[in-house]
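Report on one structure; see the data block that follows.
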Amino acid sequence: MKVYLDGKFVDSAEAKVSVFDHGLLYGDGVFEGIRLYGGNIFRLDEHLERLEYSAKAIMLDLPLTRAELAEATCETCRQNGLTDAYIRLVVTRGVGDLGLAPWLCPKPTLFIIASKISLYPKEYYENGLAIVTVPTRRINPAALPPTIKSLNYMNNILGKIEAKQFGALEAIMLNDQGYVAECTADNVFIVHKGELITPAASQGALKGVTRSTIMDLAKELNIPIREADMTRYDIWVADECFLTGSGAEVIPAVKLDGRVIGTGKPGPVTQRVLAAFRKRVLVDGTRI
Ligand code: PXG
């Protein structure tokens, strides 16, 4: 496997960063998780825009322009002969002294990995996931905006660990006011009386690329959609629930904390959205 590292393609065994890299020392950096479907990098431009916003938010100057980043991403896929893959694009603050000071890190580190991703087993797309609410709250946007896709994922990792303790593969994370924010690595949607509802980013959600795709698809399919405050009650009484993310795509959730959601089976709106999403990923984006 060839990895793009600071302008060169290197063998995965040689793709190493320094122990003084602030991405490692402090989680100081930003990243994107992107999918390649049948030679199409899904919504690459949208991912790169979010990367630019994440970098701007942490006052990190990206070492490449958007066009250069796009080309490096495509070339990483080509170099590895991939047509379907998971792409991880990471920009760290770079190498510096011990001590937080980002201004003492002269050069960001940029690497791009294109590889396989382990998805949820197929049966969960057919039968739905049983999810739980975890005690760990999503980070308050005033502490660290969850809209920044930063290398600080400890909040989500704590949620993921708790989900596993309760025997679930994914979990609802509430914000510190008790409203539903998102899942550990996915956004959440419910269907209620034919309408799609998802929490706003201001409630502590990442502005997911899959989430924004669902918003576009819903308009095309004439399914009403809106952002709204959401509590666990809204999920308890929802007709359907599904999660979205670059890894998960669109996956039905049929139980929350042992309670059945809707009929307990993936519902018709979820299935329509999932089918439309699967078609869209092949055409919406950048050919490598
Ligand atoms: N919320 C969080 C906290 C995420 O990390 C999403 C929502 C969904 O966003 P997108 O843009 O993907 O629709 C994410 C995305 C991984 C992995 O390596 C994580 C994500 C995506 C792909 C792979 O576990 N998280």
Side-chain angles (χ1 to χ4, degrees), residues 23 27 29-37 41-54 57 73 84-90 111-120 124 129 131 134 136-141 143-164 168-175 179-189 196 198-218 227 230 241-251 253 273-274 276-278 280-281 284-285:
V30 294
F31 78 102
E32 282 297 316
I34 311 167
R35 291 287 292 276
L36 170 69
Y37 292 97
I41 304 183
F42 183 59
R43 293 201 166 190
L44 176 59
D45 202 54
E46 206 177 309
H47 279 286
L48 294 178
E49 179 181 72
R50 185 171 68 185
L51 183 80
E52 287 168 1
Y53 290 159
S54 293
T73 307
D84 290 271
Y86 174 66
I87 302 161
R88 169 60 59 93
L89 201 168
V90 181
F111 58 90
I112 307 171
I113 308 167
S115 182
K116 296 268 160 282
I117 184 172
S118 61
L119 299 168
Y120 290 112
Y124 292 107
L129 277 177
I131 58 173
V134 285
T136 295
R137 296 292 173 105
R138 194 75 180 96
I139 275 177
N140 184 317
L144 174 60
T147 39
I148 303 175
K149 203 161 165 65
S150 86
L151 296 179
N152 284 263
Y153 253 55
M154 193 49 71
N155 178 236
N156 313 63
I157 290 165
L158 289 177
K160 184 92 179 166
I161 290 170
E162 286 170 347
K164 187 170 192 290
L169 295 178
E170 186 48 295
I172 295 286
M173 297 186 81
L174 307 177
N175 67 19
Y179 290 100
V180 172
E182 59 176 343
C183 294
T184 68
D186 296 299
N187 291 112
V188 58
F189 286 79
L196 275 169
T198 193
S202 56
Q203 293 292 4
L206 181 76
K207 288 182 181 171
V209 171
T210 319
R211 176 183 181 272
S212 73
T213 306
I214 300 309
M215 290 178 165
D216 294 343
L217 289 174
E227 294 180 342
M230 187 185 288
C241 177
F242 62 84
L243 317 180
T244 67
S246 297
E249 304 176 323
V250 176
I251 190 157
V273 169
L274 173 56
F277 181 78
R278 287 202 167 138
R280 187 55 54 93
V281 294
D284 187 350

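The structure displayed is predicted, hence computed values, not measured ones. In each ligand, atom 1 is the first atom listed, and ligand 1 is the first ligand listed.
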Kindly say whether [Y] contributes a backbone atom to a donor-acceptor pair with the side chain of [X] at under 3.5 angstrom?
X: D186; Y: L243; value: no
X: R138; Y: A181; value: no
X: N155; Y: I139; value: yes
X: K160; Y: A185; value: no

Can [X] and [Y] be counted as having a side-chain donor-acceptor contact under 3.5 angstrom?
X: S212; Y: E46; result: yes
X: Y124; Y: E170; result: no
X: E227; Y: T198; result: no

For [atom], what is the nearest protein heavy atom, given as residue, atom name and distance?
atom: atom 13 (O) of ligand 1; answer: T210 OG1, 2.6 Å
atom: atom 9 (O) of ligand 1; answer: G208 CA, 3.4 Å
atom: atom 7 (C) of ligand 1; answer: E182 OE1, 3.4 Å
atom: atom 19 (C) of ligand 1; answer: A185 CB, 4.0 Å
atom: atom 23 (C) of ligand 1; answer: Y86 OH, 3.2 Å

### Summary
A student checking ligand 1 against T184 at a 4.0 Å heavy-atom cut-off should list atoms 3 (C)
### Contacting atoms of ligand 1, where contact means under 4.0 angstrom from a heavy atom of V209
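So the atoms of ligand 1 that pass are 10 (P), 11 (O), 13 (O).
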### Task
Please state which part of N156 comes within less than 4.0 Å of ligand 1, counting heavy atoms only: side chain, backbone, both or neither.
side chain
### Message
Using a 4.0 Å heavy-atom cut-off, which part of L206 comes near ligand 1: side chain, backbone, both, or neither?
### Response
side chain
contact_flag [X] ligand 1 heavy-atom lt 4.0 Å:
X: G247; answer: yes
X: R35; answer: no
X: T213; answer: no
X: R88; answer: yes
X: E32; answer: no

Do ligand 1 and [X] have nitrogen or oxygen atoms that lie under 3.5 Å from each other?
X: G245; answer: no
X: S246; answer: yes
X: Y153; answer: yes

#### Entry: Validation row: F189, I214 side chains within 4.5 angstrom (heavy atoms)
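They are in contact (side-chain heavy atoms under 4.5 Å apart), so the answer is yes.
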### Query
Hey, are the side chains of L48 and L89 touching, using non-hydrogen atoms and a 4.5 Å cut-off?
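Side-chain contact under 4.5 Å: yes.
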### Message
Just verifying a value: how many Å separate E162 CD and T136 OG1, rounded to the nearest 0.5 Å?
### Response
3.0 Å
### Query
With a 4.0 Å cut-off, would you call D216 and R43 a salt bridge?
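R43 and D216: salt-bridged.
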